[in-house]
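The block underneath contains the structure these notes are about, expressed in structure tokens.
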Amino acid sequence: MRGLRIVYAIARADFLERVRRYSYLVTLLFAVYLGYAAGTGKISLRLGDYRGVYTSAWIGAMVSLVATTFLSLVGFYIVKNAVDRDRQTRVGEILAGTPLTKVSYLLGKFLSNFAVLVSMVAVLALAAVAMQFFAAEDRTFHAEGLLLPFLFLTVPAIAMTAAMALLFEAFRFLRGGFGNVLWFFLWAFGIGLPGLTGLPQLDPSGLWIVYQSMVPAARAGIPGYVDSFSLTVADKSIRVATGFHWNGVEWTAGVIVSRLAWTAVAFALVLCGAWFFDRFDPARSRPKSGWRERAPPRPRISPLFPQARGIPAPGVY
Amino acid sequence: MKLEIENVSKTYRGKVEALRSFSLELGPGVLGLLGPNGAGKSTLMRILATITRPSAGRVLWNGTDINHDPDTLRTVLGYLPQDFGIYPNLSAVEFLEYLAAVKGLDAASARRRIGELLELVNLADAARRLLGGFSGGMRQRVGIAQALLNDPQLLIVDEPTAGLDPEERVRFRNLLSELAGERIVILSTHIVSDVEAVATDIALIAQGQLVVHGIPEALLAGVSGRVWEVVVPSGELPALRQDHLVSSTAHRNDGVHARVVADAAPRPEARALEPSLEDAYLATLAAHRHRAAAEGAV
């Protein structure tokens with residue numbers, strides 16, 4: 001119970017510190033823009049030259065994939081400063097002088113990272129609801145169809161992002177620019193992993209779950225359709241496949257467990273980070289500048305009182 | 001209540017040696033740890049605060065080696081690091097609630113304690129204001145409040161008055177004096193007047209080594225009868241500095257009034273003065289450097 005209170009206190013303080021910054025407003029505006037871009041067709045989920053009718057299921061899947069894809073990439077850079085802030089402000093040194101465990105600290109920071117990203121997902125989910133009503137292609141609102149993709153696709157994916165950001169902060173060599181560049185390639189690799197391996201289970205983003213559900217339906221409902229599936233920044237015209245009805249991903253126990261597994265992996269990554277975290281020990285995080293010894297040390301305490309009359313030779317001081 | 005530092009050394013990466021066989025034994029009271037910048041004070045503070053481990057030697061808190069069992073000390077430790085920053089978008093109360101939870105205080109105890117501490121550091125009126133709007137002195141007072149949350153037996157403050165204006169500095173010193181009593185307070189600083197005001201004990205550190213440790217009176221006794229005032233034209237000041245240890249100067253109408261530490265009167269007209277702690281500090285430090293240079297160690 002006490003451990004949970006500590007984790008909560010760390011997460012709360014970090015979250016409040018972040019969300020009261022102007023930069024947080026900018027990130028929320030970014031989320032609003034993503035919603036706007038999806039709503040106006042600037043970003044769209046395409047099945048060849050077609051898209052589905054804007055039903056709750058379609059919009060939920062599309063906007064959640066937008067959230068998953070963009071926030072898992074950009075969100076990393078947004079939240080990858082939780083530990084660094086404590087290092088820079090030296091609040092970390094205060095924490096290091098308390099009985100706080102590394103696991104509790106990193107779990108608290110993870111929850112803060114996660115909460116910041118979830119708040120952006122929430123903005124996008126609201127945008128998705130608004131989008132269905134403004135588009136008015138299908139006025140039947142299915143809360144489950146629209147919101148479950150956010151819960152089961154986006155939330156585990158950003159949990160992974162939140163954890164990876166923390167893991168990168170735990171490793172000294174991944175804290176800076178190299179880590180930022182590496183993340184971009186890791187993210188791209190993660191998106192393509194199921195395609196590369198042929199194993200749909202290796203899908204942190206959940207993109208393939210939608211693919212596997214949508215493509216067979218498209219084959220049956222769109223004449224001449226040839227398995228094209230993409231989430232793109234659209235600059236070409238796109239047609240609405242009016243005869244195609246997709247009822248959304250079937251959230252079977254297997255699918256849900258696979259997504260929960262990614263959330264568990266995120267927690268495991270945090271625990272892994274705790275193993276490598278330096279606990280703000282400067283000796284483990286950076287070399288210290290200072291004077292260098294030239295001769296073997298010979299400790300000596302001056303017998304100053306009152307014998308030590310060692311006034312320096314002229315010019316020494 | 002006893003803190004023993006036994007032959008502690010610390011070598012950073014690249015063979016940078018910050019501490020060399022440092023030994024000290026402390027009981028309740030205020031220890032002023034004096035030393036120039038880069039002397040190893042902050043490294044020693046971090047070792048005592050269990051943030052970093054010594055490369056050699058050990059630190060015992062009431063007989064327990066803190067390297068093996070750091071939580072023994074952490075539960076009774078209050079630490080204010082050098083250049084302490086804050087979360088600018090939290091209020092003083094929110095920030096203290098956060099650290100109180102981390103230090104293991106339950107919610108009710110934390111609320112009560114935070115109220116008392118904000119009164120103590122004279123910030124009760126600013127309790128709900130965001131820390132980003134606080135002055136340097138107010139932030140330091142929040143820093144000392146957080147260090148006292150768990151009513152520590154060992155309180156370590158590292159360069160707490162750096163960057164404070166004179167009024168804030170006096171206020172901070174007074175606060176530290178009030179906090180002494182049945183706890184060990186270690187005040188690390190390079191500002192002699194801070195130590196002079198509050199310390200019951202002084203340790204001087206230079207180049208990672210303990211140079212002296214004793215009560216202020218003993219340190220002063222080391223330069224008793226060796227502090228002089230000489231009045232020289234400003235053009236002669238460089239020559240005077242060349243030949244003698246000049247601890248301070250003041251420009252007046254009749255020339256520069258220089259405080260000189262020397263075994264004998266540097267000029268026939270020199271006037272003997274009561275030594276200050278600053279004179280003693282500078283003389284001791286200079287003597288150490290001279291000795292170290294003679295030994296070829298530096």
Side-chain angles (χ1 to χ4, degrees), chain A residues 2 5-6 8-10 12-14 16-21 85 88-100 104-105 108 279-284 286-317, chain B residues 12-18 20-21 38 46 49-52 71 74-75 77 79 81 83-87 89-90 94-95 97-99 101-104 146 207 209-214 218-219 221-222 224 242-245 261-263 283-284 286-291 293 295-298:
Chain A
R2 188 182 146 197
R5 179 173 139 71
I6 291 172
Y8 169 73
I10 293 166
R12 177 177 178 268
D14 197 71
L16 289 178
E17 171 60 27
R18 281 168 150 163
V19 299
R20 289 174 182 169
R21 293 180 175 203
R85 185 181 319 108
Q88 298 302 326
T89 59
R90 303 212 173 177
V91 170
E93 290 194 14
I94 293 172
L95 299 174
T98 70
L100 176 67
S104 295
Y105 176 74
R279 211 175 185 274
F280 302 105
D281 180 353
R284 289 178 60 196
R286 64 184 154 79
K288 184 182 167 65
S289 59
W291 65 281
R292 286 169 185 268
E293 184 197 32
R294 289 181 202 151
R298 195 174 157 204
R300 174 171 174 167
I301 301 172
S302 166
L304 178 77
F305 317 122
Q307 301 93 319
R309 297 222 162 213
I311 298 303
V316 169
Y317 183 70
Chain B
Y12 287 100
R13 287 195 183 100
K15 305 287 183 198
V16 177
E17 201 169 28
R20 296 193 292 179
S21 293
R46 288 194 188 104
T50 72
I51 295 164
T52 195
D71 283 355
R74 284 171 180 165
T75 51
L77 171 71
Y79 177 52
D83 302 327
F84 157 70
I86 35 88
Y87 285 10
N89 294 300
L90 294 191
E94 287 170 338
F95 185 67
E97 280 174 348
Y98 162 42
L99 291 173
V102 167
K103 291 184 180 197
Q146 67 76 24
Q207 294 166 328
Q209 290 177 278
L210 179 65
V211 181
V212 290
H213 175 216
L219 195 61
S224 179
Q242 185 69 26
D243 294 340
H244 299 285
L245 173 61
V261 184
D263 282 341
T284 309
H288 171 77
R289 285 174 177 156
H290 179 56
R291 233 182 357 254
E295 289 171 1
V298 175

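Chain letters run A, B, ... following the sequence lines, proteins first and then strands; every chain starts at 1. Just the heavy atoms: all of them, side chains too, but no hydrogens, waters or symmetry mates, feed the values below.
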Reported CZ-to-CG distance for the pair Arg90(A) and Asp83(B), which is rounded to 0.5 angstrom: 5.0 Å
Which atom of Tyr79(B) lies closest to which atom of Ile94(A), heavy atoms considered: O-CG1, 3.8 Å
Thr52(B) versus Ala283(A), closest heavy-atom pair with distance: OG1-CB, 3.5 Å
Residue pair Tyr98(B), Leu16(A): steps toward the side-chain contact (heavy atoms from CB on, under 4.5 Å) verdict: CA-CA 11 Å; Tyr98(B) 162 42; Leu16(A) 289 178; over 6 Å; no
For Asp71(B), all residues meeting salt bridge (charged side-chain N to carboxylate O under 4.0 Å, His left out), sequence neighbours excluded: Arg74(B)
Taking every non-hydrogen atom, the tightest pair across Ile86(B) and Val91(A): CA-CG2, 4.4 Å
Partner chain A: residue of Ala49(B), Gly104(B), Gly85(B) with the largest heavy-atom pair count (under 4.5 Å): Gly85(B)
Salt bridge (charged side-chain N to carboxylate O under 4.0 Å, His left out) partners for Arg85(A), two or more places apart: Asp14(A)
Spacing of Arg279(A) atom CZ and Thr50(B) atom OG1 [to the nearest 0.5 Å]: 6.0 Å
Other residues, nucleotides, ligands: >12 heavy atoms within 6.0 Å of Arg21(A) CZ: yes
Contact check, side chains of Leu90(B) and Arg20(A), non-hydrogen atoms, under 4.5 Å: yes
Contact leader toward chain B among Ala96(A), Gly92(A), Gly108(A), Pro99(A), where contacts are heavy-atom pairs under 4.5 Å: Pro99(A)
Nearest heavy-atom neighbours spanning Glu93(A) and Pro81(B): OE1-CB, 3.5 Å
Heavy-atom proximity to chain B below 4.5 Å, by part of Arg12(A): side chain
Heavy-atom side-chain contact between Leu95(A) and Leu99(B) under 4.5 Å: yes
